[in-house]
Number of protein chains: 2
Amino acid sequence: MVRMADVARAAGVSVMTVSNVLNERLPVGESTRARVMEAVEALGYEVNLTARHLRAGRTDTVAFVVPSFHDYFGELADQVAPLVEAEGRHLVLERTSANAEQEMEALSVARLRIYDGVLLSVAGLDLETLARVRTAKPIVLLGERDVPEHFNHVRLANESGAHLATAHMIERGSRRILALGCSPDATHMMTDRRVGWENACHEAGLAADPAYVVPVSDYTSLGGREAMLKVIASGLPFDGVFAVTDIVALGALSALADSGLRVPGDVQLAGFDNLDMSRFIPPGITSVDVNREGVAEAAVGLLHRQMSGWTGPAEHVVAPVRLVVRGSTRGGA
Amino acid sequence: MVRMADVARAAGVSVMTVSNVLNERLPVGESTRARVMEAVEALGYEVNLTARHLRAGRTDTVAFVVPSFHDYFGELADQVAPLVEAEGRHLVLERTSANAEQEMEALSVARLRIYDGVLLSVAGLDLETLARVRTAKPIVLLGERDVPEHFNHVRLANESGAHLATAHMIERGSRRILALGCSPDATHMMTDRRVGWENACHEAGLAADPAYVVPVSDYTSLGGREAMLKVIASGLPFDGVFAVTDIVALGALSALADSGLRVPGDVQLAGFDNLDMSRFIPPGITSVDVNREGVAEAAVGLLHRQMSGWTGPAEHVVAPVRLVVRGSTRGGA
DNA sequence: CTGTTAGCGCTTTCAT
DNA sequence: ATGAAAGCGCTAACAG
């Protein structure tokens with residue numbers, strides 16, 4: 001491990017001169033500078049950032065802590081990265097692995113402290129853990145659940161989005177719409193989307209029959225597919241499906257296709273998140289667009305404000321959504 | 001910023017006693033321990049990991065450096081994470097943002113040094129940058145291109161996979177198969193997949209006409225879709241498409257559907273990567289499965305071996321692939 | 001069981 | 001223009 005002192009010795013100067021050459025802080029004589037650079041090359045020296053970070057009291061790094069790396073969060077992270085980098089900081093992603101059996105708790109508050117700022121996705125994070133996070137560190141919460149007042153928070157207009165999607169399918173002729181992936185449980189994170197579905201049904205004079213609220217074992221395409229197959233097998237009549245996420249919607253689409261039900265002819269289908277793939281999957285999945293760029297901008301904006309020393313009250317942003325109509329609902333293409 | 005010294009003062013003990021309590025290293029008297037814990041709680045103390053890292057000379061953290069967070073790399077990262085965590089280390093993802101206009105070069109060698117080990121995806125990384133990476137740090141390269149001998153490297157059996165997919169479609173009746181997303185350029189990273197396609201064609205006594213090698217503007221579904229539409233508009237006759245990635249294949253599927261071409265009736269379609277979605281997109285996309293779990297295990301295994309002090313010669317793993325047949329090719333369901 | 005000393009590698013401050 | 005000293009917050013090693 002080559003230290004700055006090694007370079008200094010090789011070049012016959014003090015460590016401070018090496019530091020000044022490398023950081024271009026104080027002016028250094030041309031010949032000295034040349035000798036230093038030569039020694040740096042010869043020894044293959046690279047600065048030890050850990051030491052610099054300790055000394056500086058900051059790491060110039062922002063963490064985005066997500067429940068998993070794929071799909072929605074991966075796409076969101078790609079939006080966040082350039083915004084963070086534009087402020088001259090690095091972005092790293094970490095998982096709330098929440099592997100309780102592991103002795104290592106991934107989301108220790110201490111770990112968050114190594115970052116200058118943290119974007120924390122609250123999906124799959126128990127509120128107790130969240131309560132322990134009382135830190136002065138700039139932090140912005142991201143996700144669809146209620147959080148303590150004092151946190152900055154960006155969430156989606158879930159109810160409004162679910163309402164849009166459901167009302168659209170009703171307008172296009174559906175009368176019995178499943179709420180796939182919603183839960184009857186009031187404390188559940190997908191509650192807002194179920195409420196949006198309910199309201200849309202009621203406003204159209206339709207029943208929001210609890211039998212049409214169909215939970216999924218997990219928020220994957222497989223989970224959506226299996227729940228959908230079960231409904232089909234049960235004989236429950238339906239002519240529309242509102243899926244809580246595009247991933248779940250894809251599973252539903254798969255099940256419908258295998259069962260010989262045509263989309264949108266027999267059943268209309270709409271999802272939530274507007275993932276890139278939803279545009280391309282025939283016949284195109286109608287979806288609630290969550291404006292990932294806007295969410296990323298809002299979150300990074302709040303974070304940056306905190307990192308700049310702002311100490312005003314926390315803000316709670318509800319990012320607007322819009323419906324993108326495609327072929328999986330009638331009139332979509 | 002609460003320091004350990006603050007806790008020590010509040011509890012009326014020395015900093016070492018605080019350290020011993022928190023790390024459970026040396027035994028501490030029960031009453032002392034209680035007072036320390038009380039002070040920790042009262043002050044809301046959290047250990048400064050940067051200082052600990054400097055002192056310890058390691059960070060217990062592994063970085064996976066990827067070109068982008070979504071799709072293939074997001075899914076791979078989810079496989080890598082538990083393997084790294086099983087060894088008691090944290091995993092973080094970083095992007096090779098390669099934003100040249102930014103003054104910040106994301107992939108400075110110094111930055112890699114803050115990690116105990118690095119998994120580095122070489123996709124979208126110029127060889128020059130790679131050559132600069134002469135470090136003692138444990139590092140494993142990941143991706144489809146040639147790299148200097150002295151690096152540990154995990155890549156896929158690209159040629160074999162492309163051959164499998166192409167031969168399968170030929171066997172099922174296709175005679176004019178497009179190589180979508182491949183490039184005629186020999187130095188290109190998708191060369192191996194083009195060669196596999198060529199060989200499969202030749203072995204079946206078919207021409208591997210360069211006109212059937214269709215590049216894409218970028219490896220997205222949109223890129224695949226537009227290239228596909230252009231081919232259709234050109235009138236070039238074809239009855240099969242081998243797409244270099246599932247993402248590109250999805251774009252092709254979209255274009256085929258919009259053009260009234262049935263899959264697999266008029267055109268068979270196969271992709272590469274076997275993303276989760278490919279199983280669910282009707283009629284199911286036949287794809288080359290790259291065994292992400294195996295790739296993750298091989299890469300993390302090599303990395304762990306290096307981190308344990310192994311100094312033998314570098315290994316170059318070629319991960320085997322297999323074809324997963326689905327509805328987008330005949331006989332798939 | 002508890003305290004003191006030293007030092008991880010770097011940079012801020014002050015002196016020359 | 002260059003160098004010496006001090007210290008960021010922590011913990012290994014040793015002393016008591």
Side-chain angles (χ1 to χ4, degrees), chain A residues 1-37 39-40 43-61 108-116 135-137, chain B residues 1-37 39-40 43-61 108-116 135-137:
Chain A
M1 200 115 292
V2 185
R3 287 149 16 263
M4 206 177 256
D6 300 318
V7 176
R9 191 168 342 99
V13 297
S14 75
V15 285
M16 268 325 293
T17 301
V18 178
S19 177
N20 283 328
V21 169
L22 265 47
N23 298 309
E24 297 178 340
R25 295 183 58 77
L26 302 186
V28 176
E30 194 43 57
S31 67
T32 325
R33 138 179 242 90
R35 257 184 305 133
V36 168
M37 287 312 290
V40 165
L43 300 179
Y45 172 77
E46 291 289 343
V47 62
N48 180 329
L49 288 177
T50 303
R52 177 182 288 175
H53 291 164
L54 174 58
R55 181 64 234 238
R58 54 192 173 74
T59 56
D60 295 322
T61 303
S108 68
V109 179
R111 180 135 186 108
L112 296 185
R113 265 195 41 167
I114 76 180
Y115 300 109
D116 290 353
T135 168
K137 270 276 169 277
Chain B
M1 198 116 296
V2 185
R3 288 151 15 264
M4 205 178 256
D6 299 319
V7 176
R9 192 169 339 100
V13 297
S14 76
V15 283
M16 268 323 292
T17 300
V18 177
S19 177
N20 284 327
V21 168
L22 264 47
N23 297 309
E24 296 178 344
R25 295 183 56 77
L26 302 184
V28 175
E30 193 44 56
S31 66
T32 326
R33 136 177 244 90
R35 257 183 308 133
V36 169
M37 288 312 291
V40 166
L43 300 178
Y45 172 77
E46 292 288 344
V47 62
N48 180 328
L49 288 178
T50 302
R52 177 182 286 175
H53 291 164
L54 175 59
R55 178 66 234 232
R58 56 194 170 73
T59 55
D60 294 322
T61 303
S108 69
V109 179
R111 176 121 193 125
L112 295 186
R113 264 195 44 167
I114 77 179
Y115 300 108
D116 291 352
T135 169
K137 269 277 169 278

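Throughout, protein chains are lettered first and strands after them, A, B, ... in sequence-line order, and every chain is numbered starting at 1. Computed from a prediction, not measured in an experiment: that's the story for all the values here. Reckoned from all heavy atoms, side chains included, excluding hydrogens, waters and symmetry mates.
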Can you name the salt bridge (charged side-chain N to carboxylate O under 4.0 Å, His left out) partners of B:D60, sequence neighbours left out?
-> B:R58
Remember a base hit wins even if backbone is also touched, and classify [X] as base, sugar-phosphate or nothing at under 4.0 Å, heavy atoms.
| X | result |
| --- | --- |
| A:T17 | sugar-phosphate |
| A:T50 | nothing |
| A:G29 | sugar-phosphate |

Protein-proximity profile, nucleotides 8-16 of chain C, B/S/- by nucleotide at the 4.0 Å heavy-atom cutoff, equals BBBBB----
Can you tell if the side chain of A:E46 reaches within under 4.5 Å of the side chain of A:M1, non-hydrogen atoms only?
-> no
Could you tell me whether the side chain of A:V40 reaches within less than 4.5 Å of the side chain of A:L22, counting heavy atoms only?
-> yes
For DNA chain D, note the earliest and the latest nucleotide, 5' to 3', having some atom under 4.0 Å of a heavy atom belonging to chain A.
-> D:dA1 to D:dG9
Checking side-chain contact (heavy atoms from CB on, under 4.5 Å) against B:V21, which of B:M37, B:M16, B:R35 comes through?
-> B:M37
Work out how much the helix from C:dC1-D:dG16 to C:dT16-D:dA1 bends between its end axes, five pairs an end, to the nearest 10 degrees.
-> 40°
Applying side-chain hydrogen bond (donor to acceptor under 3.5 Å, both in side chains), name anything that partners B:N20, two or more places apart in sequence or on another chain.
-> none
Could you state the interatomic distance from [atom1] ([X]) to [atom2] ([Y]), rounded to the nearest 0.5 Å?
| X | Y | atom1 | atom2 | answer |
| --- | --- | --- | --- | --- |
| A:S19 | A:R52 | OG | CZ | 7.5 Å |
| B:R111 | A:L49 | CZ | CG | 7.0 Å |
| A:R55 | B:T50 | CZ | OG1 | 14.0 Å |
| B:I114 | A:I114 | CD1 | CD1 | 7.5 Å |

Enumerate the residue pairs fulfilling salt bridge (charged side-chain N to carboxylate O under 4.0 Å, His left out) with a member in residues 4-13 of chain B, sequence neighbours excluded, ordered by first and then second residue.
-> B:R3-B:D6, B:D6-B:R9
